[in-house]
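In what follows, every heavy atom counts, from backbone to side chain, and hydrogens, waters and symmetry copies are set aside. Count residues from 1 along the sequence.
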Amino acid sequence: MAYEILGIGNPLMDFIIQIDEAYLHALAGIKGGMETIDYQTIMQIIGKNPVSQQTPGGSATNTVKGLAQLGKRCALVGKIGKDRIGQQLIEVLSDIGIQTFFSISEQPTGMAACLITPDGERTFRTYVGPMTTFTPDELKPCYFEGVKLVYLEGYNFLYPGVIEKAMELAKEAGAKVAMDVSSVEMASSFQSKIIELLPRYVDILFANEQESIALTHLPPKKGCNILKDLCETVVIHSPEGCWIGQRQFETFASHIPIIPLDSTGAGDAFTSGFLYGYLSGHSLKESALLGMNAGKAVVQILGAELSSESWHQIKINSL
């Protein structure tokens, strides 16, 4: 079956682990952020803490899963290991109709420890795995043929040349490019590169409040005003709502915040909902509402795995 959306990013297995503040405080890095760790360290974290849930994850994977559950035809490009976890990823994604173009490596498949504190905030400790060896040459032009939209997670900046090559191939194929900044660390480390690429390649930019501030050094409203002049559409989301900007247009879609059980995947669910509405021809505010309702639903469960019934209900209630 032909696909209309191509996601590119690191296919991970997420391990949802509930911890206390003291455990998190003992780890390096900021709360709510993402730090990369080696294989031995993530196995220690997983081995020493009860795992509440194990599901396919990674920003691109989560976003494409949501789009597939909403009825879009999707495919994923990435790299996995020659192991049971890698095979599980392929099987689960195939079950919901997602085609996979995964390169195979001798390294173990990537994994993320999603550490959930009592306030519902998630902090990632990620073993990147085989994607550290992913090269631009592994992006085949045939993957992009007939695609309407290419979705790129910001973590692709960790793999030299990959995000630039993906954007070039997307444009050659006539596809729109959507990119999510993905984390404050990516926004800070690659700020100048992101600003450089926006007017050249990016049609839709997603960022949360903190990422927008890291990119522009301005609060979200003013940041949106700056970024909307660099790409076709910019969406900055927060628990209270989101700013949406397009050249001569800017609006705020409000949302009543809720206390989260687990914020893992909230941004990805928002992106899934927004892109579904956008690609289906709905207004920016309608698309934002769908995204916000998806984000609201996912923070009320552990992990980022909403059922097909939940996605169906979100669509009915939003559009």
Between [Y] and [X], is there a side-chain heavy-atom distance shorter than 4.5 Å?
X: P108; Y: Y127; value: yes
X: E185; Y: I30; value: yes
X: K221; Y: E250; value: yes
X: L152; Y: M167; value: yes
X: K315; Y: Y276; value: yes
X: E211; Y: M186; value: no
X: M111; Y: Y39; value: yes
X: E106; Y: K82; value: yes

Quiz prompt | Worked verdict on F101 versus Y143 for ring-ring contact (aromatic ring centres under 6.0 Å, His included) | solution = CA-CA 8 Å; F101 302 109; Y143 297 162; 4.7 Å; yes
Quiz item: Y155 and F124: aromatic ring centres closer than 6.0 Å?
Solution: no
Quiz item: With ring centroids as reference points, do F190 and F157 lie under 6.0 angstrom apart?
Solution: yes
Practice problem: May I have the step-by-step check of salt bridge (Lys or Arg N to Asp or Glu O under 4.0 Å) for K165 and E168, ending in yes or no? | Solution: CA-CA 5 Å; K165 179 68 176 294; E168 289 171 4; over 6 Å; no
Self-check item: R247 side-chain N/O to D229 backbone N/O, donor-acceptor pair under 3.5 Å
Solution: yes
Practice problem: Give a yes or no answer on whether the side chain of R73 reaches the backbone of G97 with a donor-acceptor pair at less than 3.5 Å. | Solution: no
Quiz item: When you look at NZ of K171, are more than 12 heavy atoms from neighbouring residues, nucleotides or ligands closer to it than 6.0 Å?
Solution: yes
Quiz item: Is the number of heavy atoms from other residues, nucleotides or ligands within 6.0 Å of NE2 (H312) greater than 12?
Solution: no
Quiz item: Does the side-chain hydrogen bond (donor to acceptor under 3.5 Å, both in side chains) test come out yes or no for Q246 and T233, once each step is laid out?
Solution: CA-CA 5 Å; Q246 279 186 336; T233 304; 2.7 Å; yes
Quiz item: For residues T133 and K79, is any side-chain donor paired with an opposing acceptor at under 3.5 Å?
Solution: yes
Quiz item: Are side-chain N/O atoms of N156 and E153 paired as donor and acceptor at under 3.5 Å?
Solution: no
Exercise. Go through V64 and I98 one step at a time and tell me if the side-chain contact (heavy atoms from CB on, under 4.5 Å) criterion holds.
Key: CA-CA 8 Å; V64 168; I98 298 171; 3.7 Å; yes
Practice problem: For the pair F206 and F270, name the ring-plane relationship: parallel under 30°, tilted 30 to 60°, perpendicular over 60°. | Solution: perpendicular
Self-check item: salt_bridge(D119, K31) N-O dist < 4.0 Å
Solution: yes
Quiz item: With sequence neighbours excluded, what pairs up with T55 under the side chain to side chain donor-acceptor pair (under 3.5 Å) test?
Solution: none
Self-check item: E145 vs K140, salt bridge (Lys or Arg N to Asp or Glu O under 4.0 Å): CA-CA, chis, key distance, verdict
Solution: CA-CA 10 Å; E145 292 176 2; K140 308 300 183 187; over 6 Å; no
Quiz item: For the side chain to side chain contact (heavy atoms under 4.5 Å, CB included) test, which of D203, L227, L215 pairs with L198?
Solution: L227
